[in-house]
Amino acid sequence: MAKAKAAPTSSSGGKAAKKKKWSKGKVKDKAQHAVTLDKALYDRILKEVPTFRFISQSILIERLKVNGSLARIAIRHLEKEGQIKRIVHHSAQLIYTRSSGGT
């Protein structure tokens, strides 16, 4: 016990007197994603999404900057048209791929 008390006083020096300053933390900018579907965005979804090799809700949100609900609706629409096919059906994450085997 006495040995444990003696060691910090000799090795720490003046550093023990300074109080730790906590960082404020990094603040992430709020994403400005589209919440409505206009003609330009609809055409872009129909053109680009069927060419993706891996399609999920989070991929559409990240690449097309759309809201999560819009991404789900777009995926359902493309699957109904037969442009994409489902690989994995899970309650949390639906994973799709392009339906044609081209490049």
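One is the number of the first residue; the rest follow in order along the sequence. All values below were derived from every heavy atom in this structure, side-chain atoms included, with hydrogens, water molecules and symmetry-related copies excluded.
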Approximate separation, where rounding is to 0.5 Å, of Ile59 CD1 and Leu64 CG = 10.0 Å
List in chain and number order the residues that pass salt bridge (charged side-chain N to carboxylate O under 4.0 Å, His left out) with Glu81, two or more places apart in sequence or in another chain; answer none if no residue qualifies.
-> none
Sorted by chain and residue number, the side chain to side chain contact (heavy atoms under 4.5 Å, CB included) partners of Ser69 (sequence neighbours excluded) come out as Asn67, Arg72
Verify same cluster id: Ile45, Ile73 (apolar side-chain graph, 4.5 Å) | no
d(Lys30 NZ, His33 NE2) to nearest 0.5 Å is 9.0 Å
Residues at least two apart in sequence or cross-chain that pass side chain to side chain contact (heavy atoms under 4.5 Å, CB included) with Asp29, listed by chain then number, are none
Could I get the full list of ring pair (Phe, Tyr, Trp, His ring centres under 6.0 Å) partners for Phe52, not counting sequence neighbours?
-> none
Using the test ring pair (Phe, Tyr, Trp, His ring centres under 6.0 Å), find all partners of His77 that sit at least two apart in sequence or belong to another chain.
-> Tyr42
Could you tell me the separation between the CD1 atom of Ile61 and the CG atom of Leu70, rounded to the nearest 0.5 Å?
-> 9.5 Å
Where Gln57 and Gly68 come nearest, the two heavy atoms and their spacing = NE2-O, 3.3 Å
Ile84 meets the side chain to side chain contact (heavy atoms under 4.5 Å, CB included) criterion, sequence neighbours left out, with Ile55, Ile75, Leu78, Glu79, Tyr96
Residues which pass side chain to side chain donor-acceptor pair (under 3.5 Å) with Lys39, listed by chain and number, not counting sequence neighbours | Asp43
Side-chain donor or acceptor of Thr97 paired with backbone N/O of Arg53 under 3.5 Å = yes
Using a 3.5 Å cut-off and no angle test, enumerate the donor-acceptor pairs between side-chain atoms of residues 87-94 and protein atoms at least two apart in sequence or in another chain.
| from | atom 1 | to | atom 2 | distance (Å) |
| --- | --- | --- | --- | --- |
| His89 | ND1 | Arg86 | NH1 | 3.2 |
| His90 | ND1 | Ala92 | N | 3.1 |
| Gln93 | NE2 | Ser56 | OG | 3.4 |
| Gln93 | NE2 | Ser58 | OG | 3.4 |

Is the backbone N or O of Gly82 less than 3.5 Å from a side-chain atom of Lys85, with the two atoms forming a donor-acceptor pair by type?
-> no
Closest non-hydrogen contact found for Val49 with Leu60 is CG2-CD2, 3.5 Å
Sequence-distant partners of Arg44, side chain to side chain donor-acceptor pair (under 3.5 Å), two or more places apart | Glu48
